[in-house]
Amino acid sequence: MESMVAVFEALDPRFEGVGGDERVERIATGCRWAEGPTYVPAGRYLVWSDIPNDRMMRWDEMTGAVGVFRSPAGYTNGHTLDAQGRLVSCEQGNRRVTRTEADGSITVLADRWRGKRLNSPNDVVVRSDGSIWFTDPSYGITSDYEGPGRAESEIGNDQVYRLDPATGELTAVATDFIRPNGLAFSVDESLLYVVDTRRKHIRVFDVDAATGELSGSRVFADCTAGSFDGIRLDDTGRVWAATHEGVHCFDPDGTLIGRFLLPEKCSNLVFGGLKRNWLFVTASSSVYALMTNVRGAAPAYAR
């Protein structure tokens, strides 16, 4: 593990006071493309994907040890925990969304929509009602780099889905994206933020509390440093987004108020630790960790 100076830049007075340790730690390196960090509080460890190497990695918070969590791993990308604390994963290579059970077995949650195979599920979040929401761009089937080989899209479109875990019904809730990617709910779950990486912006939707239907689509923020990838919220409703220069922080009104700069192109992030005040960032070949003075929004299992 190595450390370096933590660089926070306040671009707006609303970001002043946001910070943490003076140094950021690089807790792991040697990946080809690190993605999908998820903190597991029951075991106090971090899981993430090393997509091209077809493996999932694990960092132990108590010992600092880094090792392989699963390999092969179906070229997994994004992960999250469901309301019972079980790991839910997007397997790009197997073109499905799965759940890891307590005994280590894997349950397939979704692999087809209207009888057609999914493209390559990318990122996933869980609402407090247990519904599972994920993006399905075609990154894993358009090249040999992030999957087992090129393939044609059976659906012919890149969409955002909602899965009802009780009935297994899979619904396409947004169908007009070019490359849907990271997604996250607002603190009260009345809004859903979704990245369109190709358009280099974040869109936000109103979420119907009863039906889960989306409406009122509008652009929340445009990226000023490459493209957006993964996103997360803190418990004040600010949106934190991975970019090519680090993590950008947006006020709930869409204003870019601050930046946390890193030396590698960032892919995703998650707030973890027992207080949810550790910021973990996957960035190209490495994973970075910083204890901050903000807390992540409560995940499904904590609501």
Side-chain angles (χ1 to χ4, degrees), residues 1-2 25-111 120-126 132 134-135 139-140 145-148 181-182 229-230 232 242 264 266-274 276 278-290 296 299-302:
M1 183 177 67
E2 62 178 298
E25 299 170 355
R26 185 158 73 168
I27 59 174
T29 192
C31 298
R32 289 191 180 277
W33 180 242
E35 251 283 14
T38 294
Y39 182 81
V40 183
R44 298 188 68 174
Y45 61 86
L46 184 79
V47 171
W48 71 94
S49 299
D50 182 6
I51 302 175
N53 285 326
D54 191 17
R55 60 182 184 173
M56 294 164 59
M57 304 298 293
R58 180 183 185 274
W59 171 78
D60 188 296
E61 181 182 2
M62 302 302 293
T63 66
V66 175
V68 175
F69 180 83
R70 180 183 299 156
S71 180
Y75 293 89
T76 56
N77 192 326
H79 308 275
T80 193
L81 299 182
D82 68 9
Q84 287 74 48
R86 297 170 296 188
L87 185 68
V88 177
S89 303
C90 291
E91 298 184 15
Q92 288 192 159
N94 294 327
R95 301 170 71 169
R96 65 188 190 180
V97 178
T98 61
R99 182 178 65 223
T100 300
E101 308 296 351
D103 63 0
S105 62
I106 295 176
T107 299
V108 178
L109 301 177
D111 61 359
S120 55
N122 184 284
D123 210 350
V124 58
V125 292
V126 176
I132 297 169
F134 65 93
T135 54
Y139 290 119
Y145 188 73
E146 294 190 38
N181 202 321
D229 201 328
R232 292 290 186 271
E264 297 184 78
C266 297
S267 63
N268 216 326
L269 64 145
V270 70
F271 288 97
L274 297 183
R276 298 196 305 277
W278 275 91
L279 178 61
F280 297 99
V281 183
T282 47
S284 299
S285 64
S286 306
V287 181
Y288 296 87
L290 177 80
Y301 61 81

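Fair warning: this is a prediction, and the values are worked out from it, not measured in the lab.
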Just verifying a value: how many Å separate N77 CG and D229 CG, rounded to the nearest 0.5 Å?
7.5 Å

Which pairs, with at least one residue in residues 53-90 and sequence neighbours excluded, count as a ring pair (Phe, Tyr, Trp, His ring centres under 6.0 Å)?
W59-F280

Checking N53 side chain against C31 main chain: does a donor-acceptor pair fall under 3.5 Å?
no

Heavy-atom closest pair (N181 atom, T135 atom, distance to 0.1 Å) is O-OG1, 2.8 Å

Quick check against the 3.5 Å criterion: does S71 have a side-chain atom that pairs as donor or acceptor with the backbone of R55?
no

Can you tell me if S49 uses its side chain to pair, donor with acceptor, with the backbone of T76 under 3.5 Å?
yes

Taking all heavy atoms of V97 and all of P121, pick out the closest pair and write down the distance.
CG2-CB, 3.8 Å

Do V287 and W48 touch side chain to side chain, with heavy atoms closer than 4.5 Å?
yes

Stacked cation flag R58 on Y45, 6.0 angstrom / 45 deg
yes

CA sep, side-chain torsions, deciding dist, call: V270, V281, side chain to side chain contact (heavy atoms under 4.5 Å, CB included)
CA-CA 7 Å; V270 70; V281 183; over 6 Å; no

Under 3.5 Å, side chain of N268 to main-chain N/O of E35, donor-acceptor pair present?
no

For the pair T98 and E91, evaluate side chain to side chain donor-acceptor pair (under 3.5 Å) and give the outcome as yes or no after the intermediate values.
CA-CA 7 Å; T98 61; E91 298 184 15; 2.9 Å; yes

Is there a side-chain contact between V88 and L81 (heavy atoms, below 4.5 Å)?
no

Going by heavy atoms in the side chains, are L109 and I132 under 4.5 Å from each other?
yes

Ignoring hydrogens, what is the shortest heavy-atom contact between G93 and P148? Give both atom names and the distance.
CA-CD, 3.5 Å

Rounded at 0.5 Å granularity, tell me how far OH in Y288 sits from CG in L279.
13.0 Å

Main-chain N/O of S285 paired with E264 side-chain donor or acceptor, under 3.5 Å:
yes

Walk me through whether N122 and Y139 qualify under side chain to side chain contact (heavy atoms under 4.5 Å, CB included).
CA-CA 8 Å; N122 184 284; Y139 290 119; 3.8 Å; yes

Polar side-chain atom of T80 near backbone of V126 as donor-acceptor pair, under 3.5 Å
no

When you measure from the side chain of S267 to the backbone N and O of T282, does any donor-acceptor pair fall under 3.5 Å?
yes

Short question: side chain of S286, backbone of T29 - any donor-acceptor pair under 3.5 Å?
no

For G230 and L269, work out which heavy atoms get closest and say how close.
O-CD2, 3.5 Å

Sorted by first residue and then second, give each salt bridge (Lys or Arg N to Asp or Glu O under 4.0 Å) pair with at least one member in residues 74-87; sequence neighbours left out.
D82-R86, R86-E101

Dump the intermediate steps for side chain to side chain contact (heavy atoms under 4.5 Å, CB included) on R99 and L87, then the final yes or no.
CA-CA 6 Å; R99 182 178 65 223; L87 185 68; over 6 Å; no

Less than 4.5 Å apart, side chain to side chain, heavy atoms only: is that true for R276 and Y39?
no

Where do M56 and V68 land on the side chain to side chain contact (heavy atoms under 4.5 Å, CB included) test, with the steps shown first?
CA-CA 6 Å; M56 294 164 59; V68 175; over 6 Å; no

Is the side chain of R96 donor-acceptor paired with the backbone N or O of D111 at a distance under 3.5 Å, no angle test?
no

Separation between CG of L290 and CH2 of W278, rounded to the nearest 0.5 Å
7.5 Å

Sub-3.5 Å donor-acceptor pair from the side chain of S120 to the main-chain atoms of Q92, do we have one?
no

One thing to verify: whether R32 and E146 come together as a salt bridge, which I'm taking to mean a side-chain N less than 4.0 angstrom from a carboxylate O.
no

